[in-house]
Structures are given as C-alpha cells and as structure tokens.
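In listed order, ligands and their atoms are each counted from 1.
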Amino acid sequence: MLIEPLGDFLYTFYSPTGVHRRTCYQEKKFKGEKQWKKEKGFGSNFGFLMAAVGSAVGLGNIWGFPNKMGASGGFTFLIIYLILAVICGFIVMLGELAIGRKTGKGAIAAYHAISKKFKWVGWLGVASAFLIMSFYCALGGYCIKYVVLNVGNLFGAGFGSNGLSGGDVFGAFLTNQGEGVIYGLIFVVLTMLIVMGGVSGGIEKFCGIGMPALFVMLLICIIRACTLPGAVNGLKYMFVPGWAVANGVIAKAPSIFEVISTAGGQMFFSLSIGMGVMITYGSYLDKKEHLEKNAVLIIVMDTLVALMAGLCVMPARFALDPDGNIGGPKLLFITMQNVFHSMDGAIGPIFGIIFYLLVVLAAVSSSISLLETVVAHFVDKAREEGKGDRRKKYSFIASILIALLCVLVCVDGLGSNGIAPWELLKLDGYKGWSDCWLDFFDMISEGVFMPLGGLLMTLMIGWEIGPEMVKDECEATEGHKMSSYPFFKVCCKYITPLCMLLILYGQLKSFFG
Ligand code: PHE
C-alpha cells in the first residue's frame with residue numbers, strides 16, 4: 001500500500017493494485033491489503049462473477065425471454081439474439097467493465113473522470129437504476145407474497161388461495177393496496193440490508209450462495225415441468241420456428257425487423273448494460289482478473305439461465321394451463337399459480353414455494369446491483385472527502401427515495417386502482433406505456449435511458465477516448481493479451497453504435513408505435 005501525504009494529517013492511501021484511492025486522516029488509515037478487500041471490492045473472481053450474473057439474471061429472463069423467443073421465431077430468434085449479444089452485448093459489457101476498473105469509481109464519477117463530452121452519462125445510468133428499482137421492488141414484493149401464498153396452500157391456511165383461481169387470487173391481491181405496499185417495502189428493506197453489508201460482506205456473500213441455489217432450484221423445476229404430459233408443446237413453442245403461428249398461439253408472425261428489435265431490447269435489459277451496473281461492479285474488480293473472460297462468462301450464463309427458465313415455465317404452461325397468459329407479470333402470477341393449483345396434493349404448493357423462491361433470488365440479486373449503482377457514487381465521494389464510508393447512511397437515504405416510487409407502483413396495482421398515468425394525466429389515446437406506473441417507469445428506463453446510455457458509451461469509447469483504453473485496461477492483467485481487440489475496435493466505432501440506434505428506435509416504436 002502506498003501512502004501519499006497531502007497536508008496536515010491528511011493522506012491519500014492507494015490500494016495494493018494502485019487502482020483504488022482514498023483520502024483520509026491518518027487516524028482512520030487502513031491496515032493493509034486485507035482491509036482493502038474487506039472495505040472495497042470483491043474477495044474473489046467467483047464472487048464477482050456470481051454478483052454480475054446475479055444482476056443479469058432477473059425477472060427479464062423468466063417472463064421476457066422464453067415468451068419472446070417463442071413468439072419471435074424460436075431458434076431463429078435465439079440465433080439473432082446471440083449475434084446481437086456478440087456485436088453489442090459483449091462490446092458494451094467489456095467497455096463498461098473496463099471503464100469501471102480503470103477509474104475505480106462508480107458510474108457518475110467514472111464518466112466524469114474519463115470524458116469531457118460525455119461527463120453526464122453516469123447520471124443517466126443512476127436515473128435508470130432508480131426507475132427500474134421502483135418497479136423491480138414492487139414485483140419482488142409480489143414474489144415474496146406468492147411464496148407465502150404457497151406456504152398457506154401447503155398447510156391449508158387462511159392466507160392460501162382458498163379455492164380461488166390464479167386470476168382471482170392475483171386480482172384480489174392487486175386491489176388490496178395495503179398488502180401490496182407491505183410486500184414491496186419488505187423487498188426494499190431486504191435489498192437495503194444486503195447493500196448496507198458492503199460489496200464483499202453483503203452483495204458477494206448473498207450472490208455466492210444465492211446464485212448456485214437458484215440454479216439448483218431451476219433444475220428441479222425443469223425436471224418437474226418437462227415430465228408433465230403435454231410438456232412437449234411448450235418445447236415446440238419455444239424452439240420450433242413457425243410453430244406458434246401454425247398452432248394459433250400468436251396471430252401473425254413478426255417481421256424480421258421486429259424480431260431484431262425485440263431481441264435487441266431483451267438482450268440489453270437482460271444483461272444489465274447501458275446504465276452503470278457493470279461500471280460499478282467493474283470498479284470493484286481486481287487487476288489480476290481477465291475482463292474479456294468475465295464479460296463472455298456473464299453473457300453465456302445469463303443466456304443459459306434464460307433458456308433454462310423457458311424450459312421450466314413453457315412446458316408447465318402448455319401442459320397445465322394451455323389458455324393462460326404466456327408472458328409478463330400475468331405469466332408469473334396467474335398462469336404459473338394455476339399450474340401449481342392443478343398439481344395434485346402437496347406437490348403443487350411445494351413446487352410453488354421452490355419456484356417463487358427462485359424468482360425472489362433472481363429479483364434480489366438484480367435489485368442489489370441497482371441500489372449499489374446509486375449508492376457507490378456517494379460512498380466514493382464520502383471516502384474521498386475523508387468522511388469514512390457512510391455506506392449505511394447513503395443506502396438508507398436511497399432506499400427511502402426508492403420506497404416512495406415503489407409505493408406508487410404498488411398502490412397502482414398494475415393499473416387496477418384508478419391512478420394509472422393515463423388516468424391522472426388524461427392521456428386516453430396513449431395506452432401501452434401509460435397503462436400503469438410500472439409500464440411508465442419501464443418505458444423511460446428500459447425504453448429510452450438504457451439504449452441511449454449504451455449508444456453514448458460506445459460513441460465515447462469509439463470516438464472520444466479511443467478503444468485503446470479498453471485494450472490497455474484488459475492488458476493491465478499481467479501476461480494477458482486482448483485477443484478480441486481488432487473485433488472490439490471495429491464494433492465499438494461503427495457496428496455497435498449503429499445497432500444501438502436500431503435498438504433505440506425499435507424500443508421507442510414498441511412503446512409508442
Ligand atoms: N437484468 C435484469 C433482468 O433481466 C434487470 C436489470 C436491468 C437489472 C438493469 C439491473 C440493471 O431482469
């Protein structure tokens with residue numbers, strides 16, 4: 001560790017790798033490498049990977065990917081998705097990890113440090129994180145409610161379904177605003193407590209156990225779903241091109257442009273890129289870890305889990321609730337609950353508990369990455385000003401603000417309670433993005449801010465600071481050569497920005513078109 005005196009009692013401390021820097025009074029000085037790891041940064045590459053994959057794996061993988069794949073051409077969609085993941089996802093992911101690790105700072109300060117023209121892009125990311133959190137916490141709360149509901153069903157308790165259908169249970173829950181708010185707030189508090197625990201003590205610990213557990217639970221659910229009679233139709237829906245149209249599941253096949261834009265939008269949201277999560281996590285990564293390898297692994301694992309989620313929900317839906325909703329919140333909370341209702345005896349509630357617990361895990365590991373993106377900036381600043389860490393205080397303040405938006409989303413109950421944006425703002429002709437507060441916040445964050453953030457980031461790297469920055473950062477790992485550099489350079493300058501424009505256009509069209 002290097003110590004540089006700055007003035008009376010004031011010193012700058014450098015981490016062993018030289019990336020992290022903090023200014024403080026000598027009294028508070030750090031005791032060595034171990035403490036650095038404890039206070040800032042992941043303890044191991046596995047921990048980092050689980051946290052990053054945890055951020056990527058979320059509700060989008062479960063209710064978005066399988067349905068979009070089925071409705072947009074099965075295998076054809078998968079191939080287009082993978083191509084986009086290589087020419088856009090990989091480039092933006094690697095760029096963000098490199099920016100984070102190079103600067104050692106959260107999104108806002110990182111953009112400030114490396115760019116003149118794009119200084120403010122970090123704020124766009126933090127704004128996206130805020131908005132996504134608002135509905136993510138509400139939905140996470142719904143998942144906790146469904147774990148409890150299935151526990152009730154297992155024991156025949158009054159807080160179970162009481163013989164109601166999935167649709168009725170969900171309808172009653174949405175209009176019970178108090179209950180919705182309570183569950184939403186429980187989820188916010190859960191997220192806050194983990195982030196308060198710090199990067200290695202909270203996030204890494206949670207994801208290091210939670211992600212492998214999620215994987216195992218998913219495997220159990222896949223085995224059950226795929227062995228149900230009639231499950232094969234779910235597999236055909238998901239994989240066979242044209243099956244969905246031929247069998248009347250969807251009315252009309254989408255055009256190739258629609259397929260590309262659906263795949264692009266899904267890929268972006270699913271990989272948690274374009275908004276600073278990966279910059280923040282990258283800033284906690286040690287110089288000895290390979291950035292390229294990590295970027296590839298995150299993408300591969302996220303796609304794998306999305307496919308596995310499809311193998312779980314689609315066969316179950318086609319076998320046990322063939323007329324049920326096939327995507328979005330209704331798939332998760334109505335169709336899947338009907339699936340568990342129609343399994344015999346205790347098996348239904350038991351699988352219900354496992355399934356909704358795995359969704360809670362997926363949602364929490366994403367929401368902690370969002371909260372960390374907001375909090376990191378203020379924690380860094382406090383440290384540099386020598387005020388110590390103040391992580392708990394900032395996590396608390398950010399959570400209160402997020403809780404306010406989350407309460408709005410819960411009270412709105414997916415537009416069931418007469419306070420949807422279109423009703424309040426008298427927007428009759430503009431249904432879709434203004435149907436409910438969830439869609440409204442989703443439109444701004446997922447529809448506009450995230451693809452815009454990704455576009456601006458590639459323009460910044462490609463044309464302002466130069467792709468060599470990413471090469472240098474990758475090669476800061478001893479003995480590592482960035483083998484993808486020629487590809488990265490061409491993509492970052494030309495191909496990715498063009499694709500990003502296309503995705504942005506597609507997103508706007510899907511929300512407003
Ligand atoms: N990737 C998450 C999902 O698939 C959502 C998310 C987006 C999480 C952006 C963090 C940042 O559900």
Side-chain angles (χ1 to χ4, degrees), residues 50-69 81 85 89 92-93 96-97 100 106-107 122 124-140 142-143 187 191 194-195 203 206-207 210-211 214 218 262-282 298-310 313 327-329 331-332 358-376 398 402 438 441-454 457 503 507:
M50 287 302 105
V53 171
S55 172
V57 169
L59 299 172
N61 297 57
I62 299 164
W63 78 33
F65 184 88
N67 174 41
K68 288 179 187 165
M69 180 166 162
Y81 183 92
V92 179
M93 174 83 69
E96 290 195 354
L97 290 177
L124 204 64
V126 169
S128 308
F130 244 99
L131 295 175
I132 298 176
M133 277 291 273
S134 71
F135 61 85
Y136 230 82
C137 289
L139 295 164
Y142 289 9
C143 298
F187 192 88
T191 306
I194 299 172
V195 172
I203 299 175
F206 179 83
C207 295
M211 284 300 108
L214 177 145
L218 198 51
T262 309
Q266 173 66 26
M267 182 237 6
F268 229 71
F269 186 72
S270 188
L271 292 178
S272 309
I273 47 181
M275 42 87 58
V277 165
M278 293 301 162
I279 296 183
T280 311
Y281 277 7
I298 299 168
I299 297 172
V300 169
M301 289 197 205
D302 181 62
T303 312
L304 188 70
V305 173
L307 283 169
M308 288 173 68
V313 293
L331 164 80
L332 204 52
L358 90 81
V359 187
V360 171
L361 280 181
V364 176
S365 57
S366 296
S367 73
I368 50 182
S369 72
L370 291 162
L371 182 58
E372 181 63 26
T373 302
V374 178
V375 169
I402 287 161
L438 187 157
F441 291 142
D442 186 38
M443 178 273 290
I444 305 178
S445 51
E446 186 184 350
V448 185
F449 284 5
M450 283 176 77
L452 191 62
M457 194 220 73
I503 293 173
Q507 290 288 73

Exercise. Is F269 touching ligand 1 with its side chain, its backbone, both, or neither, if touching means heavy atoms under 4.0 Å apart?
Worked result: both

Exercise. So which bit of A56 gets within less than 4.0 Å of ligand 1, heavy atoms only: side chain, backbone, both or neither?
Worked result: backbone

Looking only at distances, can you tell me whether any N or O atom of [X], backbone or side chain, sits closer than 3.5 Å to an N or O atom of ligand 1?
X    : value
N61  : yes
S366 : no
V277 : no
G60  : yes

For this session: Taking all heavy atoms of S128 and all of S445, pick out the closest pair and write down the distance.
Result: O-CB, 4.1 Å

Exercise. Where do I368 and V195 come nearest, in terms of heavy atoms and distance?
Worked result: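 Shortest heavy-atom separation between I368 and V195 comes out as O-CG2, 3.7 Å.
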
Can any side-chain N or O of [X] pair as donor or acceptor with the backbone N or O of [Y] at less than 3.5 Å?
X    : Y    : result
S134 : L131 : yes
D302 : V53  : no
S365 : G210 : no

Exercise. Do the ring planes of Y136 and F269 sit parallel (below 30°), tilted (30 to 60°) or perpendicular (above 60°)?
Worked result: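 Rings of Y136 and F269: tilted, as their planes differ by 30° to 60°.
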
Exercise. To the nearest 0.5 Å, what is the distance between CE (M457) and CE (M278)?
Worked result: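 Answer for the CE-CE pair, M457 versus M278, is 12.5 Å.
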
For this session: Using heavy-atom distances, let me know which of G274, S272, A363, S365 sits nearest atom 8 (C) of ligand 1.
Result: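 Comparing heavy atoms across G274, S272, A363, S365, the nearest one to atom 8 (C) of ligand 1 lies in S272.
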
Under 4.0 Å from a heavy atom of [X]: give me the atoms of ligand 1 that qualify, with their elements.
X    : answer
M275 : 9 (C), 11 (C)
S55  : 1 (N), 2 (C), 8 (C), 10 (C)
L370 : 10 (C), 11 (C)

Exercise. Would you say the side chains of S369 and S55 form a donor-acceptor pair under 3.5 Å?
Worked result: yes

Seminar exercise, completed: heavy-atom search around atom 12 (O) of ligand 1 in the protein gives Y136 OH, 2.5 Å

